[in-house]
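The sequence lines fix the lettering, A, B, ..., with proteins before strands; numbering per chain opens at 1.
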There are 2 protein chains.
Amino acid sequence: MEQLSFAQYSLVYNSFSFVIAAMGAATIFLFLNRSQVAPPYKTAVTISGIVTIIALYHYFRIFQSWEGAYAVVNGAVTATGRPFNDAYRYVDWLLTVPLLVTELILVMRLPGSEGTKKATKLAVLAVIMILLGYPGEIATEASTRWLWWGLSMIPFVIIQYELFVGLRASIEAQPAAARGLVSAGRYITVGTWFFYPLVFVLPMIGLGGTTAAHVSVQVGYSIADVLAKAAFGIFIYSIALKKSQFEGAVAH
Amino acid sequence: MEQLSFAQYSLVYNSFSFVIAAMGAATIFLFLNRSQVAPPYKTAVTISGIVTIIALYHYFRIFQSWEGAYAVVNGAVTATGRPFNDAYRYVDWLLTVPLLVTELILVMRLPGSEGTKKATKLAVLAVIMILLGYPGEIATEASTRWLWWGLSMIPFVIIQYELFVGLRASIEAQPAAARGLVSAGRYITVGTWFFYPLVFVLPMIGLGGTTAAHVSVQVGYSIADVLAKAAFGIFIYSIALKKSQFEGAVAH
């Protein structure tokens with residue numbers, strides 16, 4: 001791999017710092033404003049904040065790992081021999097992605113045990129999806145990356161189908177004031193989640209050499225994580241607030 | 001002992017980081033959602049969160065100890081001469097295992113002083129069990145490890161018997177809605193606790209050389225701790241929530 005330029009090194013460095021600030025801000029907002037929603041929605045908001053604080057923890061580690069992997073001397077960037085740890089992202093996703101589907105299902109407040117069943121099913125599929133992605137992520141050969149990408153896309157597509165088609169009836173049952181927001185929640189999930197498989201393929205489509213691809217993957221995942229976790233968490237909070245107001249049981 | 005490979009080093013490293021994230025997430029969930037259960041169950045949920053925060057603290061130390069025990073230079077792992085500190089686990093268990101049996105007994109809400117008696121008895125047995133395990137854990141000879149393993153299994157079996165047979169009558173007295181969950185709690189305790197004596201014997205059954213055994217023990221205990229503390233704590237919370245809802249006294 002050709003040498004990382006100082007501009008490339010800084011771009012990744014500053015992206016990670018941006019994610020730390022965004023995740024920290026979202027966590028504080030969600031934990032403090034949890035008091036603004038009615039009791040049935042508090043768990044959805046709690047879990048949204050837990051997702052962003054888990055990401056905050058991992059981005060601290062990712063940032064440190066990036067700093068430790070390169071030495072900057074007189075504007076030249078050289079590898080220190082301590083490899084950048086890609087596993088943090090997958091450990092993060094293993095915990096946060098099942099929680100992300102859970103917060104969406106929880107805020108919908110499905111009747112009886114339907115919510116628990118759907119959340120469990122989607123969470124298990126999410127774990128399988130992430131476990132299948134990891135062997136590809138750490139592989140350097142494009143063919144190996146494609147294989148695991150393809151396998152990982154199977155649960156990915158099933159989850160998206162479940163959210164879109166399987167939850168259609170539940171959308172109809174939402175109060176009119178929140179129906180549009182809850183339905184948008186499915187689109188936002190699909191939209192933000194699609195970033196990940198797209199970022200994953202960047203090194204396989206030869207994006208201007210491997211160093212550029214390496215940088216694009218780090219910056220791409222950083223943007224995807226802020227949208228899918230911090231922005232999505234605030235969005236879940238707005239649904240919870242809307243439904244609380246509608247049900248006339250807002251606790252202040 | 002043969003040299004640790006970088007893959008083995010990273011597997012343990014990432015497992016420890018995973019446990020830190022999982023314990024932190026469980027702690028925040030339990031402390032925030034403590035507001036969702038009725039007053040008689042708040043202490044059980046508080047203690048569940050204390051167990052995970054004690055584990056969080058110890059895994060920070062364990063992680064640092066692991067980082068300090070090895071140096072990674074150009075992908076090669078060498079021992080620094082500062083030995084990895086096994087004692088953190090036993091100090092952790094000495095505090096958390098008596099609390100784990102207490103949270104299960106508390107959420108059952110036994111009549112009169114029965115709960116205090118049972119919790120005290122089980123907590124004392126748990127402390128004896130852990131104290132008897134430690135001399136074996138730090139021993140390198142298989143025969144010494146077996147001796148202390150065997151001694152430690154005596155209180156282990158008594159605790160399991162007490163949970164299974166001794167608490168049978170109390171299960172019958174639980175509200176119908178929570179009976180299945182409380183009964184499952186005993187199975188989950190037995191299931192997750194069995195991991196520990198099994199992981200302990202890995203180095204004695206010659207699992208592909210001592211380095212592989214060393215790695216398996218660290219990863220095995222990490223998984224066992226997440227199940228027996230974080231997952232178990234969330235489970236205790238669900239029993240508390242179910243019983244609060246049944247008793248119609250949910251405090252918000």
For A:Tyr88 and B:Tyr13, take the angle between the two ring planes, folded into 0 to 90°, and tell me which bin it lands in: parallel under 30, tilted 30 to 60, perpendicular over 60.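 Correct class here is tilted.
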
On a heavy-atom basis, the closest approach of B:Gln36 and A:Pro39 is NE2-O, 3.2 Å

Out of curiosity, [X] [atom1] to [Y] [atom2], how far, rounded to the nearest 0.5 Å?
X       : Y       : atom1 : atom2 : answer
B:Phe29 : A:Ile53 : CZ    : CD1   : 14.5 Å
B:Leu32 : A:Thr43 : CG    : OG1   : 10.0 Å
B:Phe18 : A:Ile54 : CZ    : CD1   : 9.5 Å

Cut-off 4.5 Å, heavy atoms of chain A, and the answer for B:Phe31 is neither

Engaged part of A:Asp92 at the chain B interface, taking heavy atoms whose separation is under 4.5 Å: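 When you check distances to chain B, no heavy atom of A:Asp92 falls under 4.5 Å.
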
The interface call for A:Ile47 against chain B, heavy-atom contacts under 4.5 Å, is side chain

Assess whether atom [atom1] of [X] is packed by more than 12 heavy atoms of other residues, nucleotides or ligands within 6.0 Å.
X        : atom1 : result
B:Phe164 : CZ    : yes
A:Arg82  : CZ    : no
A:Lys118 : NZ    : yes

Using side-chain heavy atoms (C-beta onward) and a distance below 4.5 Å, is B:Asn14 in contact with A:Tyr90?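 No, side chains not in contact.
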
So, B:Asn33 and A:Arg34: side-chain donor and acceptor under 3.5 Å apart, yes or no? yes

- [ ] Before giving the answer on side chain to side chain contact (heavy atoms under 4.5 Å, CB included), spell out for B:Ile20 and A:Arg61 the whole-Å C-alpha distance, their side-chain angles and the decisive distance to 0.1 Å.
- [x] CA-CA 12 Å; B:Ile20 290 172; A:Arg61 294 270 191 219; 3.6 Å; yes

